[in-house]
Amino acid sequence: MRGIKIGSAFGIPIRLNWTFLIVLPLFAYLIGSQVGMIAEVMNETAGLGIDATAVASGTTPWGLGLSAVIGLFVGVLLHEFGHSLVAMRYGYEIESITLWLLGGLASFAEFPEDWRHEFWIAIAGPLVSVAVGIACYGVVLVAPVGSNAVLFVFGYLALLNIVLAVFNMLPAFPMDGGRVLRALLARNQPHAQATQRAASVGKVFAFLMGIFGLFTFQLLLIVLAFFVYIAASGEAQQTTLKAAFEDVTVGDVMTPREGLHTVTEDTSVGDLMSRMFEERHTGYPVLDGDELVGMVTLEDARSVREVERDAYRVDDVMVTDLVAVDPDADALTALQTMQEHGVGRLPVVDADGELVGLISRSDLMTAFNIIQTGGTPGVISGRRQQAGEEPRIL
């Protein structure tokens with residue numbers, strides 16, 4: 001999640017996402033417009049003795065609303081630091097903490113698979129929120145009689161931080177409670193299986209939250225439900241892929257050099273399109289002798305108008321700024337690299353810089369499907385040979 005860096009603490013960058021800049025004044029307005037009602041509710045439930053008329057007069061409500069929402073996001077930031085500092089204690093890298101529409105998000109370079117680590121990392125955030133709530137209530141207890149603004153802001157923050165802690169402990173993976181659930185499940189079963197089960201529970205909670213938000217006209221709850229559902233599905237899929245590709249390298253999955261179809265720099269774009277039609281390929285390595293000099297795809301060829309394709313050569317449209325991968329790299333690393341750079345295939349280059357193969361999304365998905373059915377990546381080439389197929393580059 002991208003955002004504007006506003007500082008750092010404990011070596012962790014702190015960022016503001018653009019959605020935060022929208023929700024901050026919106027929340028301040030919502031709190032400010034209901035200051036009198038909120039004060040009366042807190043008086044009835046906690047006996048704070050706030051003068052509801054005083055806090056609801058003039059411009060006071062808007063100042064209290066802004067103060068309360070800033071205090072709320074400070075509590076959210078401390079919540080995320082609770083996760084992050086415990087994770088760092090276990091040796092995990094935290095890339096950043098971002099404040100956004102739905103609160104805060106600590107970005108981990110790698111999620112923990114040790115259930116004990118995940119349990120304590122997940123529960124640390126809600127524990128910090130409870131501590132912040134208790135501290136705010138402590139301020140309320142020592143505040144002098146008649147300090148209505150202090151009583152309102154810190155009483156409100158005490159309540160919200162406790163609510164935040166309780167809400168985050170719902171077993172709606174990947175929220176904190178869902179991660180605690182996965183950690184407990186992972187004590188007695190594989191991490192991938194625990195993730196699938198926790199994600200299934202999270203999707204049910206997301207559906208219920210969405211329905212509740214729909215019938216109560218709470219847009220933010222609907223957005224949260226959507227986020228939980230998508231995030232649960234995404235992390236479950238990522239964990240399944242990671243488990244499937246454990247100990248599988250790029251060299252196990254790639255199409256080897258001898259099986260590749262290649263083109264040269266001086267091939268016309270018209271001839272390239274003809275080859276793509278005949279060979280049913282949409283991407284080719286471009287070679288100058290034995291040296292890899294670029295990659296050309298159907299999208300590159302389409303950038304030239306049809307009437308001009310015989311006049312243009314491959315070197316006019318090919319991509320020369322290549323992202324390559326080592327044959328000994330993890331297969332999952334290759335997939336992540338493709339996703340990061342928005343490409344469908346990667347040249348595989350050895351330590352000497354020579355092209356030894358090509359790996360595509362279809363190679364990885366074929367390997368994944370075979371592994372899921374109990375096979376190994378090594379049988380892919382065998383199956384292609386038995387079927388009389390040439391290696392395909394899709």
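Hydrogens, waters and symmetry mates are skipped; everything else that's a heavy atom, side chains included, is used.
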Q: Decide yes or no for Val296 and Leu272: does some side-chain heavy atom of the first lie under 4.5 Å from some side-chain heavy atom of the second?
A: yes
Q: Consider only side-chain heavy atoms of I, L, V, M, F, W and Y, link residues closer than 4.5 Å, and tell whether Tyr229 and Phe205 are in one cluster.
A: no
Q.
Asp252 vs Thr249, test: side chain to side chain donor-acceptor pair (under 3.5 Å). Steps then yes/no.
A. CA-CA 5 Å; Asp252 296 326; Thr249 67; 3.1 Å; yes
**Q.** Criterion side chain to side chain donor-acceptor pair (under 3.5 Å) on Thr240 and Gln196, from CA distance to verdict
**A.** CA-CA 8 Å; Thr240 301; Gln196 291 290 347; 2.5 Å; yes
Q.
If the condition is side chain to side chain donor-acceptor pair (under 3.5 Å), which residues does Gln189 pass it with, not counting sequence neighbours?
A. none
Q. Between the main-chain N or O of Asp271 and the side-chain N or O of Ser268, is there a donor-acceptor pair closer than 3.5 Å?
A. yes
Q: Could you tell me whether the side chains of Asp176 and His79 share a donor-acceptor contact shorter than 3.5 Å?
A: yes
Q) If you group Ile, Leu, Val, Met, Phe, Trp and Tyr whenever their side-chain heavy atoms sit less than 4.5 Å apart, what else falls in with Trp18? A) Ile22
Q) Is a side-chain donor-acceptor pair under 3.5 Å present for Tyr284 with Glu279? A) yes
Q.
Can you tell me how the ring of Tyr156 sits relative to the ring of Phe152, calling it parallel under 30°, perpendicular over 60° and tilted otherwise?
A. parallel
Q: Output all residues satisfying ring pair (Phe, Tyr, Trp, His ring centres under 6.0 Å) with Phe154, sequence neighbours left out; order by chain, then residue number.
A: none
Q. Honestly curious: do Leu141 and Ile162 fall in one hydrophobic cluster under the side-chain, below-4.5 Å linking rule?
A. no
Q | Exercise: do Thr366 and Asp363 side chains pair donor with acceptor under 3.5 Å | A | no
Q) Thr282 and Arg345: side-chain donor and acceptor closer than 3.5 Å? A) yes
Q | Side-chain donor-acceptor pair present, Thr264, Thr267, cut-off under 3.5 Å | A | yes
Q. Are Thr297 and Glu299 close enough that a side-chain donor and a side-chain acceptor fall under 3.5 Å?
A. no
Q. With a 4.5 Å limit on heavy-atom distance, are the side chains of Phe111 and Arg179 in contact?
A. yes
Q) Which of parallel (below 30°), tilted (30 to 60°) and perpendicular (above 60°) describes His261 and His281? A) perpendicular
**Q.** Ile6 and Arg15, any side-chain heavy atoms less than 4.5 Å apart
**A.** no
